[in-house]
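Read through the structure below, which is laid out as structure tokens, and then see the notes.
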Amino acid sequence: MFVMEQSFYERVYKIASKIPKGKVTTYREIARKLKSRAYQAVGTAMNKNPYSVKKKNQIYVACHRVVNSNGRVGGFASETKNKVKMLKREGVEVVDGKVDLKIYGWKNF
DNA sequence: CGGTTGACCAAGT
DNA sequence: GACTTGGCCAACC
């Protein structure tokens with residue numbers, strides 16, 4: 001059985017999966033919702049994120065909807081072009097791997 | 001328990 | 001605008 005360890009990461013996944021379509025959020029915001037400033041840990045969580053597993057019990061994390069505070073698309077840089085496509089398909093305008101946080105910034109506290 | 005790391009952030013140079 | 005430095009927090013060794 002899945003032993004979803006109740007770690008800091010899982011909370012991150014849940015929040016990340018909460019991101020509405022056509023919006024993006026930053027690591028900072030996620031950390032903030034966790035009552036922490038662990039933006040770093042959030043990033044690390046994403047890195048180990050089982051987003052590929054789209055099972056029923058599994059959480060799907062839209063990594064591409066998570067960006068840095070600068071609006072720059074994060075570490076998936078090598079595949080950024082692909083993610084950018086996805087984001088655009090969701091209605092998010094991405095320019096040079098960057099997003100307008102003023103417009104698409106997720107502020108659904 | 002200390003040092004390293006990580007898809008980070010902000011301010012300074 | 002690019003690079004450096006310090007800070008931040010959780011996980012890993």
Side-chain angles (χ1 to χ4, degrees):
Chain A
M1 277 316 207
F2 305 129
V3 183
M4 287 304 256
E5 298 168 46
Q6 302 264 349
S7 52
F8 180 87
Y9 289 176
E10 207 195 295
R11 280 182 258 177
V12 174
Y13 304 146
K14 282 190 177 170
I15 293 180
S17 64
K18 261 170 57 185
I19 304 173
K21 211 160 139 200
K23 301 260 179 182
V24 295
T25 193
T26 66
Y27 296 101
R28 212 230 239 142
E29 290 300 297
I30 293 176
R32 220 173 217 189
K33 289 170 212 314
L34 296 176
K35 303 271 189 148
S36 302
R37 303 177 189 168
Y39 5 80
Q40 274 278 22
V42 173
T44 305
M46 285 305 180
N47 190 7
K48 282 157 184 145
N49 164 0
Y51 73 99
S52 307
V53 187
K54 295 172 243 179
K55 277 207 153 187
K56 193 162 63 168
N57 289 354
Q58 198 74 18
I59 310 167
Y60 171 63
V61 183
C63 319
H64 52 276
R65 286 188 202 146
V66 184
V67 297
N68 310 2
S69 70
N70 192 31
R72 176 85 160 84
V73 180
F76 24 78
S78 315
E79 304 182 67
T80 294
K81 295 178 177 77
N82 197 12
K83 316 284 183 184
V84 167
K85 245 181 178 173
M86 270 166 84
L87 285 169
K88 283 194 166 185
R89 194 179 56 189
E90 298 191 348
V92 179
E93 194 69 22
V94 183
V95 181
D96 192 37
K98 273 169 119 178
V99 187
D100 261 318
L101 289 176
K102 297 182 194 331
I103 305 173
Y104 305 107
W106 181 48
K107 40 205 160 181
N108 182 23
F109 284 92

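Any value given below was found using the heavy atoms of this structure, including those in side chains, with hydrogens, waters and symmetry copies removed. Note on naming: letters A, B, ... go to the chains in the order of the sequence lines (proteins, then strands), and numbering restarts at 1 for each one. What you are looking at is a predicted structure, and each value in this text was computed from that prediction instead of being measured.
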* To do: Quick one: list whatever passes salt bridge (charged side-chain N to carboxylate O under 4.0 Å, His left out) with E90(A), sequence neighbours left out.
  => R65(A)
* Under 4.0 Å: is that the gap between some side-chain N or O of N70(A) and OP1 or OP2 of dC9(B)? ->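 So the side-chain polar atoms of N70(A) never come under 4.0 Å of the phosphate oxygens OP1 or OP2 of dC9(B).
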* Residues in side-chain contact (heavy atoms from CB on, under 4.5 Å) with D100(A), at least two apart? ->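 Result, side-chain contact (heavy atoms from CB on, under 4.5 Å) vs D100(A): I103(A), Y104(A).
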* Structure fact -> By side-chain contact (heavy atoms from CB on, under 4.5 Å), K98(A) pairs with (sequence neighbours left out) N70(A), R72(A)
* P gap between dA7(B) and dG7(C), integer Å ->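 Rounded to whole Å, the distance is 22 Å.
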All N/O pairs under 3.5 Å across the protein-nucleotides 9-13 of chain C interface:
{"residue": "dA11(C)", "atom": "OP1", "partner": "F8(A)", "partner atom": "N", "Å": "3.3"}
{"residue": "dA11(C)", "atom": "O4'", "partner": "Y9(A)", "partner atom": "OH", "Å": "3.4"}

Rounded distance (Å) that lies between atom [atom2] of [N] and atom [atom1] of [X]:
X      : N      : atom1 : atom2 : value
L34(A) : dC8(B) : CG    : C1'   : 14 Å
R65(A) : dA7(B) : CZ    : C1'   : 17 Å
E29(A) : dC8(C) : CD    : P     : 19 Å

* Find which nucleotide of DNA chain B each of S69(A) and V42(A) is nearest to by heavy atoms, and output the residue with the more 5' nucleotide. =>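 On the 5' side of the pair lies V42(A).
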* Within the structure shown, what part of the strands sits under 4.0 Å from N47(A) by heavy-atom distance: base, sugar-phosphate, or nothing? -> base
Show me the donor-acceptor pairs within less than 3.5 Å that the side chains of residues 34-43 of chain A make with the rest of the protein, sequence neighbours left out.
{"residue": "S36(A)", "atom": "OG", "partner": "L34(A)", "partner atom": "O", "Å": "3.2"}

* Check the pair V12(A) / M46(A) against side chain to side chain contact (heavy atoms under 4.5 Å, CB included), numbers first and verdict last. => CA-CA 8 Å; V12(A) 174; M46(A) 285 305 180; 3.8 Å; yes
* To do: Verify side chain to side chain contact (heavy atoms under 4.5 Å, CB included) between Y9(A) and V61(A), making sure each step is shown before the conclusion.
  => CA-CA 11 Å; Y9(A) 289 176; V61(A) 183; over 6 Å; no
